[in-house]
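Below is one structure, written out as structure tokens; comments come after it.
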Amino acid sequence: MLFDQSVKERLEEIEEKTKIIRAHNKNRKNRRKKINYDNLLLHGKPGTGKTLFARILADRTDMDFVATTAASLLQSGTTGIKYFNDIMAMARRSSYGLILFIDEADALFVDRDTLSPDSDHYKILSHILAITGDGTSNFMLIAATNHAYIMDDAMGRRFQDRVLMPLPNEETRKELIDLYAQKFLFNTQNNNKTFVNTAKLLLNKEMIDEIVSKTANLSHAEIKDMIEAIHKKACASKDGIITLLHIKQAVDQAIEKHRDLEIDRNKKHSRFSATHMNVEHA
């Protein structure tokens, strides 16, 4: 679990609270006075470990875990509502308590003022809002979004907890590089001895420090992809041995790709803001 310290502390805090609620609800003496779980919104840049956070919480609290996406819930007609109701039935049957994780939640929990009341999206969203309310003792709802600002206000109020999932700081980036270097580059099961020795020689402390300083804006997932790209470049080379060029190319390309994606996201943000303003003034 490689998160910044602030995220680790919030995970531990929410874990302890959830364990207390789960233990209370499992006690038969409390069957008529169960406590509702607090819903949780995880928000931040893509690739910052939101799904991992939810899975770790489910594992540590020994709760059942169901992961779905906005697209799965936004099915036409009554299919989306039935799908959500099926999950609710599963939650009621669970003897452990259930964590329902909804990824890409911003696509589902949009501002209802932008939707037609007759649309399937509006009906599904209203149905979920009615069920979630102030929380429920049957399940804990965790939603993940890259764009918390576009979410419906009523839905936003239904998340008693919010955790910002930041980009990894310097210390975390170093830990991530060490982790994925061990997995992809220093692994003696997948690489021969010459490859591993060369990789360790090239990816020394000075090189890691240089990469850490260059990758301040990269996410956890982007750092993983970057180290994996080094391995792929080396394996695809003529002699199959890692070189300094493979490392530098992979790092530069990861930074360039991130920059291009940020430009695309900013364009989408601008288009959304313009559309939202037009709806508000219509």
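Numbers here simply count residues along the sequence, with the first being 1. Computation of the quantities below employed the complete heavy-atom set of this structure, encompassing side-chain atoms and omitting hydrogens, waters and symmetry-equivalent molecules.
- In this structure, Glu170 places its CD atom where only 12 or fewer heavy-atom neighbours from other residues, nucleotides or ligands lie under 6.0 Å away.
- The number of heavy-atom neighbours closer than 6.0 Å to NZ of Lys257, taken from other residues, nucleotides and ligands shown, is 12 or below.
- Listed by first then second residue, pairs satisfying salt bridge (charged side-chain N to carboxylate O under 4.0 Å, His left out) with a partner in residues 243-252 read Glu210-Lys248, not counting sequence neighbours.
- In this pair, Phe53 and Phe3 present their aromatic rings tilted. The plane angle is within the 30 to 60° band.
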Can you list, pair by pair, the side-chain donor-acceptor contacts under 3.5 Å of residues 70-81, counting residues two or more places apart and other chains?
from: Ser72; atom 1: OG; to: Thr69; atom 2: OG1; distance (Å): 3.1
from: Gln75; atom 1: NE2; to: Ser72; atom 2: O; distance (Å): 2.5
from: Thr79; atom 1: OG1; to: Ser76; atom 2: O; distance (Å): 3.2

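- The CG atom of Asn25 lies 12.0 Å from the CD1 atom of Ile20; values are rounded to the nearest 0.5 Å.
- Between the CD atom in Glu175 and the CG atom in Asp4 there is a gap of 9.0 Å [rounded to 0.5 Å].
- Residues passing the salt bridge (charged side-chain N to carboxylate O under 4.0 Å, His left out) test with Lys174, sequence neighbours excluded: Asp209.
- Applying the side-chain contact (heavy atoms from CB on, under 4.5 Å) test to Arg28 and every residue at least two apart in sequence or in another chain returns Arg31.
- From Asp118, atom CG reaches atom NZ of Lys123 across 6.0 Å, with rounding to the nearest 0.5 Å.
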Side-chain donor-acceptor pairs under 3.5 Å in residues 224-232, sequence neighbours left out?
from: His231; atom 1: NE2; to: Phe184; atom 2: O; distance (Å): 3.3
from: His231; atom 1: NE2; to: Asn191; atom 2: OD1; distance (Å): 2.7

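- Remark: Thr51 OG1 to Ile142 CD1 distance equals 10.0 Å, nearest 0.5 Å.
- For Asp86, the salt bridge (charged side-chain N to carboxylate O under 4.0 Å, His left out) partners two or more places apart in sequence, or in a different chain, are Lys82.
- A donor-acceptor contact closer than 3.5 angstrom is absent between the side chains of Asn197 and Thr194.
- The closest side-chain donor-acceptor pair between His43 and Asp106, if any, does not fall under 3.5 angstrom.
- A side-chain donor-acceptor contact under 3.5 Å links Lys50 and Asn146.
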